[in-house]
Amino acid sequence: MNKKLHRDVFLGIILAVFCFVCIYLSLQIKGDAKVVPTAISALMAVCSLIIIANGLKATPAENGEYPYAMKFSNSKYAWIFMALIVGYFFMFKYIAYWIATPIFLIVSQKYLKVKSWKVNLLITVIYTVLCYIMFVIILKLPIYRIGILGRFFRYV
């Protein structure tokens, strides 16, 4: 009897390995700065273990028969969104966070089919303003140093 494991088992194992590498690397950070990355990595590891457990439970039910095949064509929307994220990374790096983020939010919400342009713009403006207040004004992080247009968003 050839029994195949559910694909979530493999996905969970890959995620768990990634999380444990992140935990190891975050524990190498000196001082209290390691607390947040270690906690987030540990939480992700717990989630990956839950994915493994659910995959093991689903294995006998499907007996190797999956309702949809894992093909590139079946996940093209995920790959397109991944390309949007990569594009955002390059915009963030070379233009500026304050220009790249609204562009990314508008394009991704349009791609995710947010119907109303008013809602799209409202979410974008509120998010960008809150990030500016939090990072630049309150935390005084030098985000203006990122990208060629970042210097125009310097506070004080």
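We count residues from 1, following the sequence as given.
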Q: Is the count of non-hydrogen atoms from other residues, nucleotides or ligands lying under 6.0 Å from Phe81 atom CZ greater than 12?
A: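 Check passes, neighbour count above 12.
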
Q: Treating Ile, Leu, Val, Met, Phe, Trp and Tyr as nodes and any side-chain heavy-atom pair under 4.5 angstrom as an edge, say whether Tyr132 and Ile138 lie in one connected cluster.
A: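 In one cluster: yes.
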
Q: Report yes or no: do Ile133 and Tyr127 belong to one cluster of Ile/Leu/Val/Met/Phe/Trp/Tyr joined by side chain heavy-atom distances under 4.5 Å?
A: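 Same hydrophobic cluster.
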
Q: Is Ile126 reachable from Met134 through a run of hydrophobic residues whose side-chain heavy atoms are each under 4.5 Å from the next?
A: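 No, no single cluster joins them.
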
Q: Supply the atom-to-atom distance Ile51 CD1 to Ile13 CD1, rounded to the nearest 0.5 angstrom.
A: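 The CD1 atom of Ile13 is 11.5 Å from CD1 of Ile51, to the nearest 0.5 Å.
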
Q: Heavy atoms only: give me the nearest Leu84-Ser108 pair and the separation to one decimal.
A: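 Distance-wise, the nearest heavy atoms are CD1-CA, 4.5 Å.
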
Q: When you compare the side chain of Ile123 with that of Gln109, does any pair of heavy atoms fall below 4.5 Å?
A: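 Yes; the side chains approach each other to less than 4.5 Å.
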
Q: Considering non-hydrogen atoms only, spot the tightest contact between Ile106 and Asn120 and give its length.
A: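 The answer is O-ND2, 3.3 Å.
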
Q: Could you pull out the closest heavy-atom pair between Ala33 and Ile29, with the gap in Å?
A: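 Smallest interatomic distance, heavy atoms only, reads CB-CG2, 3.8 Å.
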
Q: Which heavy atom of Lys34 sits nearest a heavy atom of Ser26, and at what distance?
A: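 Looking at all heavy atoms of both residues, the closest pair is CB-O, 3.1 Å.
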
Q: Are Met91 and Ile99 packed together at the side-chain level, in the sense that at least one heavy-atom pair is separated by less than 4.5 angstrom?
A: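 Not touching, per the 4.5 Å side-chain cut-off.
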
Q: Is it the case that one hydrophobic cluster holds both Tyr111 and Ile103, taking links as side-chain heavy atoms less than 4.5 Å apart, direct or via other members?
A: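 They do share one cluster, since a chain of ILVMFWY contacts under 4.5 Å joins Tyr111 to Ile103.
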
Q: Looking just at side-chain N and O atoms, do Thr101 and Tyr88 make a donor-acceptor pair shorter than 3.5 Å?
A: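 Present: a donor and an acceptor within the cut-off.
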
Q: For Tyr24, does the OH atom have more than 12 heavy-atom neighbours from other residues, nucleotides or ligands under 6.0 Å away?
A: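 For Tyr24, atom OH is not crowded (no more than 12 foreign heavy atoms under 6.0 Å).
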
Q: Hey, does Cys131 have a side-chain heavy atom less than 4.5 Å from the side chain of Trp98?
A: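 The answer is yes; the side chains approach within 4.5 Å.
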
Q: If you round to the nearest 0.5 Å, how far is CG of Asp8 from CD1 of Ile50?
A: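 So the CD1 of Ile50 and the CG of Asp8 are separated by 12.5 Å.
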
Q: Measure across Ile52 and Ala16 and return the closest heavy-atom pair with its distance rounded to 0.1 Å.
A: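 That closest heavy-atom pairing would be CD1-CB, 4.5 Å.
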
Q: Just how far is it from atom CG of Leu15 to atom SG of Cys22, taken to the nearest 0.5 Å?
A: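 Separation between the atoms: 10.5 Å.
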
Q: Restricting to non-hydrogen atoms, name the atom on Gly55 and the atom on Val9 that form the minimum distance, rounded to 0.1 Å.
A: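 Taking Gly55 first and Val9 second, the nearest heavy atoms are C-CG2, 3.5 Å.
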
Q: Consider only side-chain heavy atoms of I, L, V, M, F, W and Y, link residues closer than 4.5 Å, and tell whether Leu112 and Phe104 are in one cluster.
A: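 Yes; Phe104 is reachable from Leu112 via cluster members.
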
Q: Could you state the interatomic distance from CG (Leu105) to OG1 (Thr128), rounded to the nearest 0.5 Å?
A: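 So the gap between those two atoms works out to 6.0 Å.
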
